[in-house]
Amino acid sequence: MPVIGDRSVLVINDDRMMNHQPDIQDPFLPGRLDRRVREILNGLAVQWRYPEHPGRLSAITQRLNADPIPGVHVETAEPATREQLGRVHTSAHLREIERMRGKHAWLDVDTTAVSPGSIEAAEVAAGAAIAAVEAVCKGRAQSAFALCRPPGHHAEPARSRGFCFFNNVAVAAAHAQQELGMERILIIDWDAHHGNGTQDIFWASPDVMLFDTHRAAPFYPGSGRLEDVGAGLGEGTTVNVPLPGGSGDQAILMAFREILIPAAAWFQPDLILISAGFDAHRLDLCLNVSYEGFAAMTEIVQTLADRHCEGRLALVLEGGYHLESLSQGVHTVLQVLAGGEAPTPEEIGLAEVAAASEFHKTAFISDAPYSDAPSSDSPLTDAHPPTQL
């Protein structure tokens with residue numbers, strides 16, 4: 001039976017990603033986009049705060065420092081180069097991003113904002129994803145987790161969206177193909193939001209499969225329909241599983257077992273990447289996944305990597321904005337990657353009710369205090385209806 005520490009895991013983290021610090025109170029570059037964003041924010045019933053903030057990474061690192069995981073070690077990253085970014089983004093997009101270096105600006109009405117340190121942070125985030133695939137493809141670690149911020153899966157070839165500048169997981173996939181000899185790459189996106197940018201980038205590619213579980217439209221970004229399966233040579237390599245709000249462990253694990261497992265067997269990937277968002281956790285109010293659910297998802301994906309691609313598995317952080325569930329979710333996933341056993345997810349509250357039943361079960365088997373009370377082995381009848389609350 002494997003134990004935590006049996007498998008080597010590399011975490012990629014770099015303090016330069018903390019320098020992305022948008023503050024909507026700051027004066028931004030004047031222009032039509034700034035006016036439009038201000039109109040949107042001013043129309044909200046409550047004051048909006050930028051949810052993608054440095055505290056996300058510090059919460060994760062504090063959790064890892066407080067409870068270290070055997071087998072997990074940490075390295076920094078180098079910024080992605082223009083050539084590496086240009087494999088999935090247009091030159092016009094890269095020029096526009098570069099123009100914003102060192103400034104306060106809005107990049108999109110999806111409230112993608114820039115602070116003076118944001119562009120370097122985004123380049124380091126993409127570089128962290130590259131470092132993760134380098135580590136697993138060159139055998140320096142059995143799996144790797146890049147703690148990327150800003151996140152990436154909403155970034156399209158020519159557009160920043162949803163807090164994302166560059167599509168980190170797509171940059172890493174393209175690097176693995178171009179430089180590391182990985183021909184077929186499976187990207188699994190379990191963030192609560194659809195990875196619209198990743199889908200757009202690889203829409204017609206037969207060599208990259210995207211499997212994406214997400215909360216269905218009209219939930220942001222509104223894409224990822226069941227019928228969206230790719231086009232041209234890439235038809236069939238986009239697999240969307242849109243879910244209703246409230247979906248949790250059982251629904252997502254069913255999707256993994258009944259759709260992802262046979263899809264991976266058909267596709268035969270050389271490398272598996274995960275867009276690992278943690279906003280699907282119930283505390284983030286998008287879906288209803290538990291920590292045990294994330295552990296079970298990780299175990300399935302790790303098994304697929306062992307079966308199909310010699311264990312090559314790299315994770316790239318996406319969303320997750322409730323600091324407790326984000327930090328604990330990452331810690332839970334790393335424990336499984338390091339060799340820990342994934343607990344079986346259970347419906348929340350069942351164990352507590354079972355314990356309460358055991359605690360109370362002897363209280364109601366003695367003589368009933370009321371002569372007309374039904375016996376313990378008799379169902380309630382119309383003569384004894386349940387108390388109306």
Side-chain angles (χ1 to χ4, degrees), residues 12-24 26 28-29 31 33-34 37 50-54 56-57 77-132 146-175 187 189 191 193-202 220-221 223 273 275-277 279 316-321:
I12 309 294
N13 188 32
D14 196 298
D15 287 344
R16 287 173 289 182
M17 290 185 282
M18 304 286 280
N19 294 331
H20 172 50
Q21 300 183 27
D23 185 342
I24 63 171
D26 288 336
F28 285 81
L29 291 177
L33 180 58
D34 180 64
V37 172
Y50 206 84
E52 208 296 286
H53 56 82
R56 298 179 64 237
L57 286 192
E78 292 298 323
T81 66
R82 188 180 181 91
E83 177 185 1
Q84 291 166 337
L85 297 171
R87 292 173 180 146
V88 300
H89 292 292
T90 66
S91 296
H93 178 64
L94 298 182
R95 286 195 300 270
E96 179 64 15
I97 295 291
E98 180 61 32
R99 191 174 69 85
M100 300 300 175
R101 189 181 299 272
K103 300 178 181 178
H104 289 283
W106 292 106
L107 284 175
D108 197 271
V109 292
D110 277 351
T111 55
T112 306
V114 174
S115 67
S118 295
I119 306 309
E120 182 186 35
E123 291 168 342
V124 173
I130 289 173
L147 301 181
C148 299
R149 72 167 295 270
H153 71 153
H154 295 311
E156 299 170 355
R159 180 185 176 190
S160 299
R161 288 191 68 185
F163 311 142
C164 303
F165 295 73
F166 306 126
N167 195 304
N168 304 319
V169 75
V171 170
H175 179 79
I187 299 175
D189 190 325
D191 190 278
H193 303 84
H194 179 243
N196 59 289
T198 311
Q199 176 174 287
D200 286 356
I201 290 168
F202 298 116
Y220 182 88
S223 52
L273 303 179
S275 272
D279 44 9
V316 176
L317 183 65
E318 299 288 358
Y321 306 99

query: With distance as the sole test, does Arg149 use its side chain to make a donor-acceptor pair with the main-chain N or O of His20 at under 3.5 Å?
result: yes

- prompt: Using 30° and 60° as the class limits, which term best fits the ring planes of Phe28 and His104: parallel, tilted or perpendicular?
  reply: perpendicular

query: Which pair of heavy atoms, one from Ala155 and one from Cys164, lies closest together, and at what distance?
result: N-CB, 3.7 Å

query: Just wondering, do Phe163 and Thr111 contact through their side chains at under 4.5 Å, heavy atoms?
result: yes

field: Candidate pair Met100 and Ser118, rule side-chain contact (heavy atoms from CB on, under 4.5 Å), full reasoning
entry: CA-CA 9 Å; Met100 300 300 175; Ser118 295; over 6 Å; no

message: Evaluate Asp34 against Leu29 for side-chain contact (heavy atoms from CB on, under 4.5 Å), listing each step before the verdict.
response: CA-CA 7 Å; Asp34 180 64; Leu29 291 177; over 6 Å; no

task: Answer yes or no: is there a donor N or O on one side and an acceptor on the other, between the side chain of Arg16 and the main chain of Ala77, under 3.5 Å?
output: yes

query: Between Glu98 and Arg95, is a salt bridge (Lys or Arg N to Asp or Glu O under 4.0 Å) present by the stated rule, with each step listed?
result: CA-CA 5 Å; Glu98 180 61 32; Arg95 286 195 300 270; over 6 Å; no

message: How close do Asp191 and Gly319 get, counting heavy atoms only, and between which atoms?
response: OD2-N, 2.9 Å

Donor-acceptor contact present, side-chain Glu120 to main-chain Gly117, <3.5 Å: no

- request: Work out which heavy atom in Gly195 is nearest to a heavy atom in Asp189; give both atom names and the distance.
  value: CA-OD2, 3.5 Å

query: For the atom pair CG (Asn167) and CD1 (Ile187), what is the distance rounded to the nearest 0.5 Å?
result: 7.5 Å

- request: Return the minimal non-hydrogen interatomic distance between Val124 and Met17, and the atom names on each side.
  value: CG1-CG, 3.8 Å

- request: To the nearest 0.5 angstrom, please state how far the CD atom of Glu52 sits from the CG atom of Leu57.
  value: 7.5 Å

query: Nearest heavy-atom pair of Ala170 and Val88: which atoms, and what distance?
result: O-CG1, 3.6 Å

- request: Under the side-chain contact (heavy atoms from CB on, under 4.5 Å) rule, what do Ser115 and Asp23 come out as? Steps first, then yes or no, please.
  value: CA-CA 8 Å; Ser115 67; Asp23 185 342; over 6 Å; no

Flag, side chain of Arg56 to backbone of Gly320, donor-acceptor distance under 3.5 Å: yes

query: Has the side chain of Tyr220 got a donor or acceptor atom that lies under 3.5 Å from a matching backbone atom of His194?
result: no

query: Looking only at heavy atoms, what is the nearest atom pair of Ala129 and Cys148, with distance?
result: N-SG, 4.1 Å

- prompt: Which pairs with one or both residues in residues 158-172 pass salt bridge (Lys or Arg N to Asp or Glu O under 4.0 Å), sequence neighbours excluded?
  reply: Asp108-Arg159, Asp110-Arg161, Glu156-Arg161

- line: Of Thr198, Thr112, Asn196, Asp200, the one forming a side chain to side chain donor-acceptor pair (under 3.5 Å) with His154 is Asn196

field: Heavy-atom check, side chain of His93 versus side chain of Ser160, under 4.5 Å
entry: yes

field: Working for side-chain contact (heavy atoms from CB on, under 4.5 Å), residues Phe166 and Leu94
entry: CA-CA 9 Å; Phe166 306 126; Leu94 298 182; 3.7 Å; yes

- request: Give a yes-or-no answer on whether the side chains of Gln21 and His53 include a donor-acceptor pair shorter than 3.5 Å.
  value: no

- prompt: Judged by atom type as modelled, is there a donor-acceptor pair below 3.5 Å linking the side chain of Asn168 to the main-chain atoms of Ala146?
  reply: no

Pairwise side-chain contact, Val316 with Leu273, heavy-atom cut-off 4.5 Å (strictly under): no

Distance, nearest 0.5 Å, that separates CG of Leu147 from CG of Asp14: 10.5 Å

query: Going from CD1 on Ile201 to NE2 on His89, what distance comes out if it is rounded to the nearest 0.5 angstrom?
result: 5.0 Å

query: Salt bridge check: are Arg82 and Glu123 linked by an N-O gap of less than 4.0 Å?
result: no

Test item: Val37 and Ile24 side chains (from C-beta on) under 4.5 Å apart, heavy atoms: no

